[in-house]
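Step one of this worksheet: look at the structure below.
Below, chains carry the letters A, B, ... as their sequence lines are ordered, and counting in each starts from 1. Just the heavy atoms: all of them, side chains too, but no hydrogens, waters or symmetry mates, feed the values below.
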Number of protein chains: 2
Amino acid sequence: MADHRLRLEKMIETLRETGHRLTPQRLAVLKVLSLSEGHPSAEQVYEQVKDDFPTTSLATIYKTINLLKSVDQVLELGFAHASSRYDGNKPYPHPHVICTRCGRVVDPEHTAMRELSRDVAIDTGFRITHHRLDFYGLCPDCQEAD
Amino acid sequence: MADHRLRLEKMIETLRETGHRLTPQRLAVLKVLSLSEGHPSAEQVYEQVKDDFPTTSLATIYKTINLLKSVDQVLELGFAHASSRYDGNKPYPHPHVICTRCGRVVDPEHTAMRELSRDVAIDTGFRITHHRLDFYGLCPDCQEAD
DNA sequence: ATATGTGCAAATGGTTTGCAGTGAG
DNA sequence: CTCACTGCAAACCATTTGCACATAT
């Protein structure tokens, strides 16, 4: 579906452009994040990276993910009572469908709200119960403080 | 704006209907959550409750909030790297505008996405940089497992 | 060569939990 | 009178951090 190789190259290029080193551990993390169709947690990335790189630490996974976040090469889906899930394929805001039972995270094919919810249900087979829509930015006071 | 007294009564009624006791501490939490125009954190609720009730513990605040969540009388806005914020006035899903600098949470007046974002910016004065839209429900596998 | 990255282990911080004591119904 | 609730302190757990060592550039 998505061109994973291109994503990986884009990540690597971005790290270079921003003056960061490409260590083997980092490369392994980039690969998992760029190749994964799913939305893995840091722990899941860790498990995969350990296969080829047994000495890797979870801390390094987090550090690499944070680095990628800082250069907008990975999207973090943060939750209050569960670990964050990461999307390295589409590192820009887009809708997600999240199973409240098993935690599965799916990207709906369609991407406009009453009808959108219905479309998402049809696309994904989920039984939609609720949603979350947040806008982020600078409040008036914080714009002044710039 | 919102009818806070009605919200408080609704909360109390719901607790009664669901067989829960109304302790003074609980009542204090309900008041803060129902009266607040903002979207306080558990800590902020705690600070307010302590004013009238110095012996109250943060644990009790959390327990009460969780109780209210379980009967759909408060909406939790969960974040990965910050404490959750709670809305006792509108305990159903609705858009929020969140300042990425100071954490301020505002309810936009308008509520349909390209244009919605612009409307929200006009309504709130925020400079919108990104958004989050999640749908929650049961994935196909979990529907079967019911 | 040298600063950046790694890995360990300890710290963090919001939230939850166990349990003995308290009080609402 | 009883059982749900409170408050304390300890536990939890995802994530972050400090630091000595290693290594990409």
Side-chain angles (χ1 to χ4, degrees), chain A residues 11-33 39-47 49-71 73-86 103 105, chain B residues 11-30 32-33 39-47 49-71 74-86 103 105:
Chain A
M11 285 180 170
I12 293 172
E13 181 197 330
T14 302
L15 287 192
R16 276 214 190 88
E17 284 172 351
T18 52
H20 297 283
R21 295 181 182 169
L22 187 60
T23 64
Q25 296 92 324
R26 252 179 207 177
L27 182 57
V29 173
L30 300 208
K31 277 183 179 163
V32 172
L33 286 174
H39 300 71
S41 64
E43 191 74 39
Q44 289 169 329
V45 173
Y46 178 50
E47 292 305 326
V49 169
K50 268 206 300 194
D51 288 345
D52 307 286
F53 234 92
T55 67
T56 310
S57 73
L58 189 49
T60 295
I61 306 293
Y62 276 109
K63 283 169 184 166
T64 302
I65 288 176
N66 283 334
L67 175 59
L68 288 172
K69 277 203 296 179
S70 74
V71 295
Q73 289 303 308
V74 76
L75 179 73
E76 177 175 33
L77 284 176
F79 302 95
H81 308 286
S83 51
S84 288
R85 308 288 288 271
Y86 301 94
V105 179
Chain B
M11 285 180 171
I12 294 172
E13 181 196 329
T14 302
L15 286 192
R16 276 215 191 88
E17 284 173 351
T18 52
H20 297 283
R21 295 181 181 169
L22 188 61
T23 64
Q25 295 92 324
R26 244 175 215 179
L27 181 57
V29 173
L30 300 208
V32 172
L33 286 174
H39 300 72
S41 64
E43 191 73 39
Q44 291 169 329
V45 173
Y46 177 50
E47 291 307 326
V49 169
K50 268 205 303 193
D51 287 346
D52 306 286
F53 234 93
T55 67
T56 310
S57 73
L58 189 50
T60 294
I61 308 292
Y62 275 110
K63 284 168 185 166
T64 303
I65 288 176
N66 283 335
L67 175 59
L68 288 172
K69 277 201 298 179
S70 73
V71 295
V74 76
L75 180 73
E76 176 174 34
L77 284 177
F79 302 95
H81 308 286
S83 51
S84 289
R85 308 287 289 269
Y86 302 94
V105 180

Enumerate the protein-to-nucleotides 23-25 of chain D contacts in which both atoms are nitrogen or oxygen and the separation is below 3.5 Å.
unit_1, atom_1, unit_2, atom_2, d
dA24(D), N3, R21(A), NH1, 3.3
dT25(D), OP1, L22(A), N, 3.2

Next item on the list: Tell me whether the OP1 or OP2 atom of dG13(C) has a side-chain N or O from S83(B) closer than 4.0 Å.
Entry: no

Margin query: Whether the side chain of E47(B) engages the backbone of Q44(B) through a donor-acceptor N/O pair (distance < 3.5 Å, no angle test) should be reported.
Written below: no

Note to self: Looking at every heavy atom in both A42(A) and Y86(A), which two are closest together, and how far apart are they?
What the structure shows: N-CE1, 3.8 Å

Next item on the list: Could you state the atom-to-atom distance from OH of Y46(B) to P of dG13(C) in whole Å?
Entry: 17 Å

Item checked: Selection residues 56-70 of chain A - residue pairs positive for salt bridge (Lys or Arg N to Asp or Glu O under 4.0 Å), sequence neighbours left out -> K69(A)-E76(A)

Next item on the list: Please report, rounded to the nearest Å, how far the P atom of dG5(C) is from the CG atom of L30(A).
Entry: 12 Å

Margin query: How many whole angstroms separate atom NZ of K50(A) from atom P of dT6(C)?
Written below: 17 Å

Notebook entry, point to check: For F53(B) and P24(B), which heavy atoms make the closest approach, and how far apart are they?
Noted result: CZ-CB, 3.4 Å

Margin query: Measure CG/L15(A) against P/dT4(C) and give the value in whole Å, please.
Written below: 15 Å

Check: Which atoms form the tightest heavy-atom contact between F79(A) and L77(A), and what is the distance?
Finding: CE1-O, 3.2 Å

Checklist line | Closest listed nucleotide, where the reference is the side chain of R26(B) and the choices are dG7(C), dT15(C), dC5(D) | finding: dC5(D)

Check: In whole angstrom, what separates F79(A)'s CZ from dG14(C)'s C1'?
Finding: 17 Å

Item checked: Value in whole Å for how far the P atom of dG13(C) lies from CG of L58(B) -> 14 Å

Next item on the list: Taking only heavy atoms on the protein side, list every residue of residues 60-71 of chain B lying under 4.0 Å from any atom of DNA chain D, sorted numerically.
Entry: T60(B), K63(B)

Notebook entry, point to check: Among V45(B), T23(B), V74(B), whose side chain to side chain contact (heavy atoms under 4.5 Å, CB included) with V29(B) holds?
Noted result: V45(B)

Check: Within the distance-only criterion (no hydrogens, no angle test), does the side chain of R21(A) pair as donor or acceptor with the backbone N or O of R26(A) below 3.5 angstrom?
Finding: no

Next item on the list: Using whole Å, report how far CG of L27(B) lies from P of dG25(C).
Entry: 11 Å

Note to self: How close do H39(A) and V105(A) get, counting heavy atoms only, and between which atoms?
What the structure shows: ND1-O, 3.2 Å

Margin query: For a quick check of understanding: with a heavy-atom distance under 4.0 Å over all strands, which category does S41(A) fall into, base, sugar-phosphate or nothing?
Written below: nothing

Margin query: Checking contacts here: which listed nucleotide (dC8(D), dT15(C), dT17(D)) is nearest the side-chain heavy atoms of S57(B)?
Written below: dC8(D)

Notebook entry, point to check: What's the shortest heavy-atom distance between S84(B) and A80(A), and which atoms?
Noted result: OG-CB, 3.5 Å

